[in-house]
Each structure stands twice: as structure tokens, then as C-alpha cells.
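A, B, ... follow the sequence lines: proteins, then strands. Residue 1 opens every chain.
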Amino acid sequence: MKFASSYEPNQYEADIYAAWESAGVFEPSAPTIPVDNNADGEDDRFEKDAKYYSIVMPPPNANGNLHIGHGLTIALEDSLTRFNRLKGKSTWYIPGADHAGFETWVVYERALEAQGHTRFEFDRDELYARVWDFVAMQRGNMELQLRALGASCSWKDLTFTLDENVIDRVYTTFEKMWNDGLIYRGEKLVNFCPKHQTAFADIEVEHKDEPGTLWEIQYGPLVVSTTRPETLFGDTAVAVNPDDARYKDLIGKTVKLPLTDREIPIITDEHADPAYGTGAVKITPAHDFDDFEVGERHNLERIQVISEDGRMINVPEKYEGLTTTECRKQVLKDLKAQGILKGEKSITHSVAHCYKCGTVLEPMLKEQWFVDVEKLAKTAIEHLENGEIKFHPVNKQKVLINYLKNLKDWNISRQIPWGIAIPMFRKADPEATDEPNWIFDRRTNLKEIEKSGVKYIRDEDTFDTWFSSSHWPIVCTDWSEENPTPYYPLNVMETGADILFAWVARMIMMGLYVTGEVPFKEVYLHGLVLDEHGKKMSKSKGNVINPMDLVAKYGSDAFRLGILRGRSAGMNQAFSENSVISGRNLCNKLWNISRLIQSIVDEDESEASRESGVSLSYTTLNQGEDWICRELNDCLEQIEQDMREYRFAEAVETLYQTIWDKYAGWFLESQKIYRNVPLLKKTLETVLIALHPFAPFVTEAIWQNLSWTTGFIIAEKWPSRLKFDPISAEQFENIRNIVSEVRGTLQALPGTNNTNKYGLLYDNDSLVEDNILLIKTLTKVPEINPLNGAPRGLRIALANHELYLDVPEKVVTEYKDALTEKILSVGRELNALNARMLNPNYVEKAPEHLVKETQDAIKEKESLISRLKAQLSLI
RNA sequence: GGGGAUUUAGCUCAGCUGGCUAGAGCGUACGAUUCACAUUCGUAAGGUCAUAGGUUCAAGCCCUAUAAUCCCCACCA
């Protein structure tokens with residue numbers, strides 16, 4: 001016996017995945033670069049869509065483990081992949097691994113510190129090599145976990161974000177941008193983490209509202225407000241609003257900066273808000289973002305008074321070397337002593353923090369490489385407004401455009417060794433020649449190079465990871481100008497809604513810049529997976545769910561089905577183990593369905609000793625068979641539509657209902673009487689293939705265990721529609737109604753245990769007569785006979801069938817109240833329908849078919865009521 | 001300050017272009033049972049669709065306002 005009585009995922013999953021992988025079924029069937037380059041131009045977009053399907057994996061951190069969000073990502077992407085593969089497209093799901101620059105660096109630096117070392121003991125190249133080894137040791141974990149989730153990705157094409165072709169492509173783009181004047185070196189204020197010693201892009205900064213103090217300090221004739229008194233040594237002006245009458249006479253004069261001998265000018269700037277504090281604000285261009293801009297407008301000097309390690313510099317000796325907090329105390333003390341600290345009050349303001357360590361970020365004046373984003377963003381906006389990319393959920397398109405419209409220049413320099421080196425070299429001796437100060441060169445393995453006799457020194461910074469990952473669709477598909485691939489643009493980009501700005505926006509800008517085309521045709525964004533109470537998962541709350549635990553406990557398919565349930569694009573939604581359990585149950589149900597069918601097939605073959613067990617031709621022989629063909633066709637149609645619209649939860653829901661209720665509950669129950677073996681085989685195949693995208697392992701395990709199937713289900717074709725007789729199929733609905741109504745009436749009868757007790761009587765009803773055995777089995781009534789004579793027993797509440805439960809008079813009498821209630825309730829429905837028909841506007845304006853439906857419903861209710869009333873009058 | 005959402009059964013969510021008596025799963029209650037599956041089968045209860053107006057023959061869905069909850073961006077001397 002190949003089918004055990006329940007499905008045990010652990011016995012099958014690893015072997016099945018290994019078998020798929022070694023059979024090469026994950027790789028695209030058509031070449032990734034068109035062989036025929038001088039084609040006749042017939043390879044248009046339409047044909048591309050019909051033939052090729054490409055999707056890339058947002059690369060998980062090579063150094064980490066998968067979390068629940070990755071689980072969702074894989075469930076979504078792999079369902080799309082498998083569905084499109086079954087649909088016959090050459091499907092390429094490209095896996096990746098992320099060097100995760102800053103994340104990994106933080107982990108590594110911590111390990112280094114634990115060993116009693118610091119980063120300053122090594123140069124960049126040494127550190128890079130050490131982290132490389134560190135990551136290489138961990139990398140296998142993540143890939144094993146992707147396999148456990150069933151990701152049917154083309155492993156030989158796995159792209160690591162530090163692969164040579166990635167670096168090459170990034171350098172090519174950077175060179176192009178440099179030549180196009182889109183890259184500039186600027187001294188700007190950047191958010192700097194004193195702990196990690198690196199700058200961040202705006203998007204990496206976490207703002208938190210915190211209590212703070214606003215101090216008022218006397219600056220000569222006026223009083224300024226500040227939350228950071230220690231920066232006063234860097235002040236180079238005091239600003240007031242040009243419309244502020246209070247300070248009109250002071251404009252253009254100077255004041256003496258407290259605790260120093262320096263005179264600073266009083267200037268006017270819109271930045272000063274007359275309503276805030278005293279209306280006068282000290283300007284520290286080197287340590288505040290707003291002040292920096294004021295400084296630019298007024299050409300003010302930038303005096304750096306805080307060093308990169310968070311200590312005071314360029315200040316009077318007394319304060320030199322203090323930390324910012326120590327310095328603040330001292331400054332306040334000294335101001336107070338001089339009597340020029342005029343006030344202090346508590347406020348709430350937002351403070352920038354390092355998203356990794358929580359340290360308060362210091363705005364720091366630094367020379368960094370910037371991307372001038374204006375043109376890139378403008379082009380992206382044009383293509384977005386053109387509707388070239390379809391978003392799920394749709395509103396994210398607007399959100400993204402809005403973001404791009406306000407985008408500021410992008411700082412791409414990071415002061416960490418773990419990343420792609422920036423390919424720029426600085427002239428060793430700036431005075432030496434007329435050569436430019438900075439040159440582009442790919443030889444970043446060298447610390448210094450020589451070009452036309454001039455020595456250049458390597459910039460020690462690395463790229464922001466988003467700069468390289470913005471090339472992801474390009475590098476994964478191996479696109480190049482000489483060899484454009486039919487897999488670019490991608491059919492879809494699936495990723496988390498939280499990185500819409502950081503990643504999706506940048507991929508679009510970069511894709512357009514490098515290839516001239518948008519990098520993908522559709523974007524599907526998933527939301528956060530919250531815990532069962534709708535709270536965000538976090539280590540500190542202890543509510544983190546590890547997807548691998550669930551896979552081990554319930555199986556990969558159960559996890560995938562469970563996480564897709566009740567989920568829609570872009571929404572943060574709760575997740576609980578219950579949905580995984582019900583996924584596990586579905587797998588087991590399907591397993592047992594297959595077990596039953598296999599046993600019928602075995603029996604049939606030994607009895608009839610047919611020429612061959614394989615038979616693709618089938619004929620429907622009764623209403624139930626026609627009906628299941630119709631329902632399966634509808635199910636296929638529904639899934640196709642849902643997958644086109646990225647409605648995964650609905651597709652899964654449809655499959656649950658079709659498999660559990662329709663296929664097992666009605667069709668298989670009816671097959672216990674009729675047994676159409678070719679049809680059983682055909683319909684089971686259909687069900688298995690339809691579920692395969694969502695539950696790949698159990699469907700393959702069954703496929704391998706069935707006696708008549710061959711090959712892998714993963715490589716099958718999506719089922720074509722089944723043939724059936726629609727009239728016969730519709731008749732089965734009548735049978736279902738009869739069965740349901742009989743069951744319901746039996747339950748409602750007084751007393752318990754009413755099944756198997758009373759027979760059923762029918763009058764002049766060929767549908768019932770032809771299906772006596774079936775109705776008997778499904779309702780569990782002991783016998784079904786013709787009425788033969790005057791009606792007796794209890795009438796079943798159906799308009800079109802004359803059916804009685806053969807119960808004694810006493811039971812009928814006891815049922816009287818229930819019957820009366822039934823008549824009343826049908827009466828209420830009838831009244832509502834009649835009211836609708838009495839409204840002339842309805843009859844006149846509503847579509848004809850609706851009016852007709854209402855009329856038919858009225859007739860049916862009327863007939864039902866009169867029959868029930870007749871019954872009541874007999875009691 | 002700007003933007004984006006959410007609000008439907010005890011819980012988690014569907015409900016598409018307005019159109020049958022607003023659905024599903026879980027949970028709850030009651031019942032069943034050798035013979036594919038207790039990871040099972042059957043039946044039922046449970047909803048003022050956040051609130052108030054409006055449009056329409058018809059509103060959970062469209063419009064206006066309000067409330068609550070959440071997220072993002074910017075600013076906060």
C-alpha cells in the first residue's frame with residue numbers, strides 16, 4: 001500500500017525537492033538570451049508575454065535566517081512561478097543572496113569586538129576578506145531554508161550582490177553617471193552614527209519623538225532658543241524673520257558669541273519663525289540640517305565643532321575633547337554663571353536615531369558621493385504616470401510618484417568596509433598638475449594607481465547597498481545592451497511594501513537609466529505579517545514566529561497555504577498557527593482523496609483486467625459527474641483570474657472549497673455508487689495540478705504514488721476544460737437541494753438521532769426515482785419509496801419536489817411550530833419581493849433579467865408557501 | 001503640516017463594475033460514526049456592514065461630513 005492513512009510531509013519533502021532539482025525542472029525551458037539575434041522583429045511584447053515569465057527573488061541576507069516575511073515572499077513568488085510554468089511559459093525564478101552591507105557589518109563588528117579586536121586594527125581589504133569568510137560560513141543556511149519552503153528557483157543562476165558581474169554592472173553605471181554629470185562629490189551634512197562610524201541615507205534614519213529641553217540664551221541684544229547649547233561654538237550667525245518688527249533695527253549688526261570672543265552677524269531668513277521661542281535662532285551650519293541650508297543661502301562659514309567620534313573640537317581649550325553631553329552640561333553651567341541663560345522649558349521633538357543600534361545620530365559635515373536624482377526621478381515619474389507599471393495595491397503608484405516628486409539627492413557613500421568599493425581615486429598631490437582631482441577607475445583592488453604619471457589614491461568608502469541593488473532586475477537577468485534578454489523587463493517584482501521607496505523606486509530609476517525600459521511590468525507589494533493579535537512581531541515582545549518551526553511541524557505546503565490565507569496586497573495582517581493547521585488538514589484531505597481513488601482504480605483494474613491502466617478518454621454518465629466537471633472548470637477559471645489579479649488568498653479559498661466540499665463532499669460521495677474510473681483519474685489529475693502552485697510537495701508526493709501518472713507534476717501542463725452536459729450538471733443542483741433540505745429537516749425534528757429512522761416518500765418525481773440510491777446514501781434515510789396514495793408524513797420544504805419524510809402523525813404535530821415559523825419566514829421574503837415589484841420605478845428602470853428573476857422567485861415562494869400551508873392544514 | 005490606508009459575525013478576513021435572503025475559515029452549540037480521512041461527517045445559532053446625512057428603482061460598495069485605529073513622509077531653533 002503506497003498511501004499511508006495520513007500524509008506525513010517529513011517523509012516526502014526533502015526527497016521531492018532533491019528530485020526536482022536534479023531533474024533540472026526549475027530552469028527555464030527557453031534560452032535566456034535569444035539565439036536568433038537577427039530575428040524578423042516578430043518577437044514583440046505580446047509574444048514575449050505568452051512565452052516567457054521572469055521573476056526575481058528579493059535577495060535574503062546571506063548571513064541570516066529566513067523570517068516569516070521571507071516565508072510569505074516565497075509563498076507568493078513560488079505560486080506565481082509554478083502557475084506560470086504549468087501554463088507552459090518558459091519560467092525563470094532567479095534566486096539571490098544579499099551581502100546586506102550595513103546589517104552584516106554590524107553583526108561582524110560585534111563578533112570582532114567579542115574577540116577583543118577593533119576594526120581599526122585592519123585595513124579595508126583585510127576586513128573585506130574576513131567578512132567574506134564569515135558570510136561564506138553562514139550562507140548555506142538561508143539557501144537550505146529556501147529549499148524547505150519549496151522555492152522552485154533556478155539555483156545555477158543564483159546571484160550574490162557581490163558577484164563580479166554585479167560589481168561590473170554597478171561600475172559601468174557609475175561611470176556613465178559620472179560622465180553624465182549625475183555624480184558629484186559634495187560637502188554636505190549627513191546623518192552620522194558615532195558608534196558605527198558611518199553616514200546614512202535619509203531613508204535609513206529612524207525618527208522618534210522624544211522629550212527635550214529648549215533653552216533660551218542671551219546673545220547680546222537678543223535671546224535665541226536652542227535645544228543644543230553645546231553647538232554654539234559652531235554658530236556663524238543669528239537669524240530673524242525678515243518680517244519680524246521686533247528685530248528690525250538689529251539686522252546687519254553683529255553680536256558677540258557667548259563664551260567666545262567671536263562676533264557673528266544678525267541676518268534675516270524665512271527659516272526663523274517669529275512665533276517660535278523668541279523668534280531669533282542661532283545658526284550652526286555644520287551641525288544642523290536647516291542651518292546648513294541657511295548657511296548656503298547666506299554664504300556662511302561652516303565650523304565643525306563635533307568630531308566623528310562625538311567629541312568637541314575647534315572649541316576653547318576648556319571644552320576641547322569633551323563628549324557632547326559633558327560639553328552641554330559645562331556650557332549651561334557657564335552660561336548660568338554669567339547670567340545669560342534666560343530660560344528653559346520642556347518640549348517634545350523628533351530625534352534621528354541609528355536604525356540598528358539606536359544611537360542618536362549626529363548631523364556631520366562630510367564629503368560624500370551624491371547622485372543628482374532630479375533627472376532620474378523625473379524620467380521615472382513620466383513612465384509611472386504613463387501607466388507602464390501596474391501596482392498591486394493600486395494606490396502605491398500615487399504614493400511612489402509623490403515620493404519621487406520630493407526626492408532629494410542621494411548620498412551613496414558608506415564608511416564601512418563590507419560593500420562594493422567606490423571606484424574613484426583622488427589625486428595624491430592636489431597641487432601637482434592640471435589633472436582632475438578625482439578620476440574613475442575600476443581597479444579598486446589597488447590602494448593607489450598611476451595614470452599618465454600622476455599618482456591617485458583610492459577612496460576608502462563603499463556604496464550604499466541600495467545603489468547596487470537598484471540594478472537587481474538587470475543583473476539577475478544578465479541584461480546587456482549587446483544581448484537584451486527576453487526575460488527583461490521582469491513580469492513582476494514582488495517585495496515588501498516597506499521598501500517601496502528604498503528599493504522599488506530606485507530600481508525603476510536605475511532600470512530606466514541603464515536600459516531605457518522600466519525594469520518590471522507589475523509590482524506586487526506585500527504587507528507585514530503580524531502576530532495573531534495584529535501586533536508587530538518583535539524579539540522584545542517575544543511574539544516572533546519562525547517559519548521553519550511551522551514547516552517542521554506541519555509541512556511546507558501547510559505553511560504556504562496558511563500564510564496566503566486571508567492576505568491581500570499591501571496590508572499588514574495577522575497570522576496565526578490555526579491557518580497553518582487548516583492548511584495541513586487540506587493536504588491530508590487531498591491525500592485521502594487520492595488514497596480512495598487509487599483503491600478504486602486498483603480494484604477496477606484487477607476486476608476488469610483492462611488493456612491499459614492509462615486512459616485519457618472519459619465520458620460523464622450521470623448528473624454528479626457532469627456537475628463536478630462544471631465545478632472544476634469554474635474553479636480553473638477562477639484561479640486563472642485570481643492569479644492574473646494577484647488575489648492569492650481567493651485562489652486558495654476557491655481550491656479549499658472545491659476540493660473539500662465539492663469534490664470530496666459531493667462528487668466522491670456520489671462515486672461510491674457509480675464509479676467512473678476514467679473520470680476519477682482525470683478529475684483527480686485536474687485537482688492536483690490546480691493545487692500544485694500553492695501546495696507543491698503534497699501534490700507531487702501523490703502524483704508519484706499514483707499508479708497511472710508519469711513524470712513530475714511540476715512539469716505538467718495546466719488542465720484544459722472538461723467536457724460535460726450543462727443541463728445534467730444543473731440537475732445535480734436539484735439533488736443537492738433535496739439532500740440538504742432532508743438533512744436539515746431531520747435535524748430539526750423533535751428528538752435526537754433521527755437519521756436512519758424515517759423513510760422518504762416521493763410522488764411523480766423522476767429525478768428522485770433515478771437517484772434513489774444516491775439520495776439514500778447522502779441523507780442516510782433507510783428507504784425511499786413512491787408515495788402511492790394520499791400525502792402523509794412531513795413535507796420537505798421544496799417548491800419543485802413532492803417529497804415527504806415518512807414520520808408518524810405525532811412527530812408531525814410536534815413539528816408544527818417549526819413549520820409555522822418556516823411559513824412566516826418564507827412569507828417575509830415573499831413580501832419583500834412583492835414590494836419590489838410594486839415599485840413602478842424598479843420595473844421600469846432595473847435591467848430586464850433582474851425583474852424576471854424577481855418574478856420567478858415570487859412564483860417559487862408562492863408555490864412553496866401554498867404547499868407548506870396545505871401541510872399545516874392537515875395537522 | 002502633507003500623504004496613504006483601515007473600520008463587515010466572538011476572532012481573522014472576503015464581498016470585484018452598486019443588483020437574489022451580506023459570505024468563508026476558526027471558534028461556539030447540537031448531533032453522527034467500523035468500511036478514504038476525528039487532521040472526519042452533518043445541522044444550527046451568530047451582522048443596525050463605525051456614525052450622520054446625501055445620490056439612486058436599488059448602497060456594505062458611490063458622494064459629503066464626523067469618529068476611532070494604523071502606517072509613511074516632512075518639520076520641530
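Remark: A:Lys589 is in phosphate contact with B:rC41, judged by side-chain N or O atoms under 4.0 Å from OP1 or OP2.
Heavy atoms of A:Glu829 sit under 4.0 angstrom from at least one base atom. A:Trp660 comes within 4.0 angstrom of the backbone, heavy atoms only, and of no base. Among the heavy atoms of the strands lying under 4.0 Å from A:Phe501 are primed sugar atoms or P, OP1, OP2 only; no base atom is included. Looking at heavy-atom distances under 4.0 Å, A:Asn588 makes contact with a base. Looking at heavy-atom distances under 4.0 Å, A:Arg584 makes contact with a base. Contacts of A:Lys861 with the nucleic acid, taken as non-hydrogen atoms under 4.0 Å apart, include base atoms. Residue A:Lys398 is in sugar-phosphate contact alone, with no base atom involved, counting any heavy-atom pair closer than 4.0 Å across all strands shown.
Between the P atom of B:rC70 and the CG atom of A:Asn395 lies a distance of 19 Å, rounded to the nearest Å.
When distances are taken from the side chain of A:Leu596 to each of B:rA36, B:rU6, B:rG19, the shortest belongs to B:rA36. Here the nucleotide nearest the side chain of A:Arg647, chosen from B:rA32, B:rC16, B:rC37, is B:rC16. Distances were taken from every side-chain heavy atom of A:Asn585 (C-beta onward) to each of B:rG4, B:rC57, B:rU39; the shortest belongs to B:rU39. Closest contact between the side chain of A:Glu653 and the listed nucleotides B:rG19, B:rC13, B:rA24 involves B:rA24. Listed candidates were B:rC73, B:rC26, B:rU21. Nearest to the side chain of A:Asn578 is B:rC26.
A salt bridge does not link A:Asp604 with A:Arg675: none of the charged nitrogens is closer than 4.0 Å to a carboxylate oxygen.
Donor-acceptor pairing under 3.5 Å, judged by distance alone, is absent between the side chain of A:Glu650 and the base of B:rA24. Contact of A:Lys408 with B:rA74 (side chain to base): no donor-acceptor pair of N or O atoms is detected under 3.5 Å.
A cation-pi contact, defined as under 6.0 Å to the ring centre and within 45° of the axis, is absent between A:Arg228 and A:Trp215.
Sequence order on RNA chain B of the closest nucleotides to A:Ser6 and A:Thr227 puts A:Ser6 first from the 5' end.
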